[in-house]
Amino acid sequence: MKAAVIDSYKQPMPEIKAVALPKVRPNDVLVKIVAASINPIDLKTKDGGLKMLLKYDMPLILGSDFAGIIVEVGEQVNGFAIGDAVYGRVQKNRIGTFAEYIAVDTGDIALKPKNTTFEEAAAIPLVGLTSYQALHDIMNIQPGQKVLIQGGSGGIGTIAIQIAKHLGAYVATTTSAKNFELVKSLGADYPIDYRTTNFAEVLADYDYVFDTRGGKALEDAFSIVKPGGKVVSISGLPNYRFGQEYGVPLWKKLGFRFVTRNITKLEKQTGASYTFLFMKPSGPQLALLGQLIETGVIKPIIDRVVPFADIEEALTYSQSGRAKGKIILQMTDDSEK
Ligand SMILES: NC(=O)c1ccc[n+]([C@@H]2O[C@H](COP(=O)([O-])OP(=O)(O)OC[C@H]3O[C@@H](n4cnc5c(N)ncnc54)[C@H](OP(=O)(O)O)[C@@H]3O)[C@@H](O)[C@H]2O)c1
């Protein structure tokens with residue numbers, strides 16, 4: 001099959017080449033991928049930026065999520081059959097969706113929402129699960145609570161705004177002014193142009209911040225959150241608590257404690273808590289998100305669809321940091337679906 005492969009970290013761009021089909025384990029299905037989405041983690045993985053958390057053997061096929069059609073089922077598979085249209089986010093140690101086929105555990109997939117194209121469905125798994133886990137599982141947002149979502153026009157932000165509104169929150173979000181109409185159309189109540197306004201100067205008494213930026217934006221988040229509130233970051237640094245949950249060795253946990261000492265200080269000063277989230281694949285949560293899509297509660301937002309052959313263009317655009325919603329790779333011609 002054709003796949004986008006790197007042979008070493010920091011390779012400028014993956015190369016599309018012929019590789020062997022993935023092996024199908026007893027609980028796996030083999031999926032012919034119709035569409036996959038680009039996520040910033042693809043570039044971070046390529047550059048070795050996540051080596052503290054994820055170390056891969058080379059050569060490595062990039063790509064974390066997909067939508068496609070089951071063409072083979074493992075011997076212990078129940079509940080899925082050849083011909084089913086599915087979508088999913090693969091386990092972090094089994095990535096490789098920038099390819100014609102992926103073998104994936106059935107625990108990590110769900111049936112594709114009926115009212116979406118494959119391209120629309122591929123826009124959901126990684127960002128939908130991340131947002132749901134932050135806003136529902138960790139924050140447990142209740143109607144009327146206030147949340148700031150950083151980067152409302154991005155892959156995460158466009159779905160996070162919709163999920164937060166579904167949970168009943170009042171949503172402030174940062175983006176540049178050109179994207180105000182987009183974020184308002186998704187339900188955002190208070191768009192803030194991060195280029196002209198520091199959110200920390202205009203917001204106060206928030207219940208939660210969903211931080212997608214890290215750095216100073218993450219530190220400033222503590223100044224707007226109430227005592228007992230929560231700052232959940234997907235772009236900040238992992239802390240000691242995360243190391244415990246993730247089961248990393250003691251020396252790594254101590255390293256995490258050292259690099260997040262400023263955050264720990266802010267937690268103590270403000271009475272707000274910090275959680276670093278590294279999202280987890282989940283078929284059952286994808287089924288739930290699928291229901292929200294089928295009932296029109298949330299919808300995928302796509303910036304552009306790019307043919308697989310032009311993956312370099314898609315990754316370069318993602319790297320620009322200007323995407324409005326998701327960038328989708330079309331892995332199969334319409335005639336082949
Ligand atoms: N830990 C995890 O499990 C996890 C999971 C998913 C994602 N992430 C991380 O979360 C981050 C966001 O992911 P994404 O998919 O949303 O990225 P993305 O789609 O590439 O984000 C692009 C958006 O960011 C906005 N933006 C750029 N600079 C900004 C700023 N200073 N303030 C506010 N918005 C800004 C841009 O809006 P303008 O064009 O208006 O500037 C653009 O719409 C990435 O770092 C990703 O790696 C982590």
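Just so it is clear, the values below take in all heavy atoms, side chains as well, and ignore hydrogens, waters and symmetry mates. Residues: numbered from 1 along the sequence shown. Order of listing sets the numbers, starting from 1, for every ligand and every atom in it.
The pair Glu181-Lys184 meets the salt-bridge criterion, since a charged nitrogen lies less than 4.0 angstrom from a carboxylate oxygen. Under 4.0 Å is where a charged nitrogen must lie from a carboxylate oxygen, and between Arg94 and Asp28 at least one such pair does.
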Give every donor-acceptor pair under 3.5 Å between a side-chain atom in residues 75-83 and any protein atom, sequence neighbours left out.
none

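Of the candidates Arg241, Lys230, Arg261, Arg241 is the only one forming a salt bridge (Lys or Arg N to Asp or Glu O under 4.0 Å) with Glu267. Checking Val5, Ile6, Asp7 one by one against Leu60, the side-chain contact (heavy atoms from CB on, under 4.5 Å) holds for a single residue, Ile6. A side-chain contact (heavy atoms from CB on, under 4.5 Å) with Phe222 is found for one member of Asn262, Val209, Thr270 and no other, namely Thr270.
Within 4.0 Å of ligand 1, protein heavy atoms belong to Pro40, Lys44, Leu126, Thr130, Gly151, Ser153, Gly154, Gly155, Ile156, Thr174, Thr175, Ser176, Lys178, Asn179, Tyr194, Arg195, Thr212, Arg213, Ile234, Ser235, Leu277, Phe278, Met279, Gly321, Arg322, Ala323, listed by chain and number.
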